[in-house]
Amino acid sequence: AIAAAGGIKVLVTLARDGTKAQKERAAGTLCNLAYNDDNRVAIAAAGGIEVLLSLARDGNQGQKERAAAALCNLAMNDDNEAA
């Protein structure tokens, strides 16, 4: 329901541009959504990999943890591993 309602793009935007708390929560939500194959593709298409990599590199501790977990789930898609 979240993805169908356009939520992935909103979450990627929050993970990039939100407050510290919003970034952390958005990364955590993207992590959960990334358990689904279709969502993995949608997150990548929305620019989520780059945003999550940025959080994993430059975010606070909670942002780094959630972004790394999301990237772990995204890596289960062969296309994302090569990107």
Checking side chain to side chain contact (heavy atoms under 4.5 Å, CB included) between Leu55 and each of Lys23, Arg16, Glu24, which is the one that passes? Lys23
For residues Leu30 and Val51, determine if any side-chain heavy atom of one lies less than 4.5 Å from a side-chain heavy atom of the other. no
Using a 6.0 Å cut-off, check whether atom NZ of Lys64 has over 12 heavy atoms from anything other than its own residue. yes
Give, for atom CG of Leu52 and atom CZ of Arg57, the distance between the pair rounded to the nearest 0.5 Å. 11.5 Å
I'd like to check Leu14 versus Thr29 (side-chain heavy atoms, cut-off strictly below 4.5 Å). Are they in contact? no
Measuring from atom CG of Asp38 to atom CD1 of Ile43, what distance do you get when rounded to the nearest 0.5 angstrom? 11.0 Å
How many angstroms lie between atom CZ of Arg66 and atom CD of Gln61, to the nearest 0.5 angstrom? 9.5 Å
If every non-hydrogen atom of Ile49 is compared with every non-hydrogen atom of Leu71, which pair is closest and at what distance? O-CD2, 4.1 Å
Please answer: with hydrophobic residues joined when any side-chain heavy atoms are less than 4.5 Å apart, are Val10 and Leu74 in the same cluster? no
Please answer whether the main-chain N or O of Cys31 pairs with a side-chain N or O of Asn73 as donor and acceptor at a distance below 3.5 Å. yes
So does Gly62 get a backbone contact from the side chain of Glu65, meaning a donor-acceptor N/O pair under 3.5 Å? no
Scanning both residues in full, the closest heavy-atom pair of Gly48 with Val12 reads CA-CG2, 3.8 Å
Donor-acceptor contact below 3.5 Å, side chain Arg40 vs main chain Ala34: yes
Closest non-hydrogen atom pair, Ala67 against Ala27: N-CB, 4.0 Å
Can you establish whether the number of heavy atoms outside Ile2 located under 6.0 Å from its atom CD1 is more than 12? no
